[in-house]
Amino acid sequence: MKRIVLAALAAVAAMSGSAFTAAADPVDDKLVIDDKEMIIRAPAPEGHPFEEVMSGWLFREAETRATEADSFANPGMLAVEQGEEIWNTVEGSAGKSCASCHNDAAESMKSAGASFPKWDPDSKKPINVELQIDKCRVKNMGAEPYKFDAPEQVALTTYIKHQSLGQPVKLDLASGEMQSWFDKGKDNYYNRTGQLNFSCSSCHEASMGKYIRADHLSQGQANGFPTYRFNTGGMVSLHNRFRGCIRDTRAEMPKAFSDELMALEVYVTWRGTGLSVETPAVRQ
Amino acid sequence: MRLTGVATLVTAVCFGWAAEAAEVAPDQVKFEDNMVAASLTDAPGNPEEGVKVFVNRGLGNCLACHVVKSLSKEQFHGNVAPALDGAASRWKMEELRAIVADSKKVFGEQTVMPGFYSLEIGDNVRKDLVGKPILTAQQVEDVVAYLATLKE
């Protein structure tokens with residue numbers, strides 16, 4: 001009984017409060033980048049908590065959205081250019097660059113950005129673009145792996161993902177043990193952490209579309225990463241974002257590329273199935 | 001016995017707790033019928049202190065989720081949760097204390113509202129915060145005193 005009264009009260013109260021905050025809905029708009037229309041709303045895959053998956057772009061302010069839509073204005077394109085240079089630069093004892101093996105990224109990396117993380121039979125774990133780069137550097141180039149969030153790692157990842165601009169995200173969960181990592185990632189997604197006792201779903205599912213203080217909560221999709229952020233004036237990798245969100249629950253942050261965050265990447269990427277890769281997306 | 005008493009007193013004075021020595025520990029708070037009947041301290045709540053805790057981003061940060069019309073000079077009220085205007089007309093003081101101390105005891109496990117005086121919290125709590133509630137007992141009483149002013 002108390003519950004029902006509460007819910008009714010909450011509904012009335014929420015309505016009376018709406019005048020104090022900006023409109024809480026995602027916008028109804030199209031995103032066209034370089035003459036390609038992005039898929040920013042897609043029917044959710046089976047088993048998804050939402051009916052429709054939505055790009056984070058729909059939740060941002062008009063200027064932020066306009067900056068992403070214009071490749072000349074998007075500061076993230078600088079990282080794409082830096083990444084292209086690294087792609088073609090010889091490094092390591094084998095005297096090779098990425099291009100030595102993969103030639104033109106526009107061809108060879110066309111769908112890579114839309115299909116990672118993938119199953120890696122060698123490590124018997126899922127592998128993402130950053131770790132695939134490291135694997136190539138160590139095994140094929142005789143070079144050192146990058147440190148987490150080294151500018152080169154972020155730029156090269158941005159360049160590679162950008163080759164898939166517009167392609168819908170689709171993971172192969174049937175390969176290897178991807179399904180069990182997905183399950184683990186799902187557990188992590190709903191697990192509450194920190195002194196504030198939030199899970200990812202507290203903000204990106206239960207409160208999606210609402211404002212938490214000044215922040216308009218999106219579905220927390222991964223399809224735009226690495227993203228350019230105005231706040232910090234630089235690129236943000238996906239694991240950096242994960243760590244930031246977890247820190248905000250007042251919990252200890254897991255290490256980048258730890259099993260915990262790799263499982264989360266598999267699950268969160270799946271939650272954006274069907275959305276276009278938007279790398280480098282622009283955020284506030 | 002004597003010695004312990006003195007030790008407590010000395011500790012209390014050192015940490016500046018003298019005025020609020022009789023404090024209910026977070027795991028000793030009694031919830032009954034969605035209420036916490038007794039004050040968590042023996043000093044009465046102060047609504048002027050309470051509103052400071054309420055808006056402070058590092059303390060209550062209640063505006064992260066709740067709108068309060070009379071606080072419209074503060075920027076950015078969230079709308080994750082119901083507006084708190086008139087909260088004191090909907091809830092008794094004892095219920096407000098229970099909601100602030102540990103909202104999950106009133107609204108159920110699913111609520112996103114943090115428990116501000118609870119140690120039943122999430123995993124992997126930041127090391128320097130282990131064993132500490134978000135607010136002190138006195139801060140809870142102050143916030144409750146502030147909420148009690150929000151009549152319709």
Side-chain angles (χ1 to χ4, degrees), chain A residues 1-25 187-188 190-217 243 245-255 258 260-261, chain B residues 33-34 55 57-58 61-72 74-87 89-91 95 99 102-104 106-116 118-135 150 152:
Chain A
M1 268 314 270
K2 184 90 185 179
R3 275 290 162 71
I4 296 168
V5 177
L6 245 173
L9 258 174
V12 172
M15 272 189 279
S16 66
S18 60
F20 264 79
T21 35
D25 292 325
D187 287 347
N188 294 344
Y190 288 99
N191 183 41
R192 289 179 181 248
T193 60
Q195 192 191 39
L196 297 180
N197 207 4
F198 296 140
S199 67
C200 311
S201 73
S202 307
C203 290
H204 296 295
E205 194 172 309
S207 313
M208 189 270 291
K210 304 275 181 60
Y211 279 82
I212 189 159
R213 207 98 203 203
D215 287 317
H216 194 190
L217 288 167
R243 281 161 54 83
C245 282
I246 293 168
R247 179 199 57 216
D248 289 347
T249 72
R250 300 192 183 168
E252 288 293 324
M253 290 188 284
K255 281 209 163 65
S258 59
E260 185 179 341
L261 291 192
Chain B
D33 296 330
N34 297 325
V55 300
R57 285 166 198 255
N61 197 17
C62 311
L63 289 180
C65 296
H66 293 280
V67 172
V68 180
K69 287 214 185 77
S70 50
L71 293 178
S72 57
E74 297 287 334
Q75 270 190 314
F76 304 126
H77 300 206
N79 62 357
V80 164
L84 291 181
D85 303 288
S89 308
R90 295 190 288 276
W91 304 93
E95 289 172 321
I99 292 172
D102 190 354
S103 62
K104 295 187 177 49
V106 179
F107 302 134
E109 279 303 314
Q110 285 314 304
T111 186
V112 300
M113 178 162 160
F116 288 89
S118 171
L119 297 177
E120 290 169 39
I121 50 179
D123 289 347
N124 294 327
V125 173
R126 214 173 74 202
K127 287 201 176 74
D128 58 313
L129 299 174
V130 170
K132 294 183 187 152
I134 302 167
L135 299 180
L150 298 177
E152 206 82 87

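Computation of the quantities below employed the complete heavy-atom set of this structure, encompassing side-chain atoms and omitting hydrogens, waters and symmetry-equivalent molecules. Per chain, numbering begins at 1; letters A, B, ... match sequence-line order.
In this structure, B:Glu120 CD and A:Asn197 CG are separated by 9.5 Å, a value rounded to the nearest 0.5 Å. One finds the CD1 atom of A:Ile212 at 12.0 Å from the CG atom of B:Leu63 (value rounded to the nearest 0.5 Å). Rounded to the nearest 0.5 Å, atoms CE (B:Met113) and CG (A:Leu196) are 11.5 Å apart. Between atom CZ of residue A:Arg213 and atom NE2 of residue B:His77 there is a gap of 7.0 Å, rounded to the nearest 0.5 Å.
A side-chain donor-acceptor contact under 3.5 Å links A:Gln195 to the backbone of B:Lys132.
Side chains of A:Arg192 and B:Asp123 form no contact here, defined as non-hydrogen atoms less than 4.5 Å apart.
Proximity to chain B involves both the backbone and the side chain of A:Ala214, based on heavy atoms less than 4.5 angstrom apart. Heavy atoms of B:Ser118 lying under 4.5 Å from chain A are absent altogether.
Annotation: maximal heavy-atom pairing with chain A below 4.5 Å, among B:Thr111, B:Asn61, B:Val112, occurs at B:Val112. Counting heavy-atom pairs closer than 4.5 Å to chain A, the top residue among B:Ala87, B:Pro114, B:Cys65 is B:Pro114.
Heavy atoms of other residues, nucleotides or ligands lying less than 6.0 angstrom from CD of B:Glu74 number more than 12.
Within residues 245-255 of chain A, the residues having any heavy atom less than 4.5 Å from a heavy atom of chain B are, in residue-number order, A:Arg250, A:Ala251, A:Glu252.
By the salt bridge (charged side-chain N to carboxylate O under 4.0 Å, His left out) test, B:Asp33 pairs with no residue at all, sequence neighbours left out.
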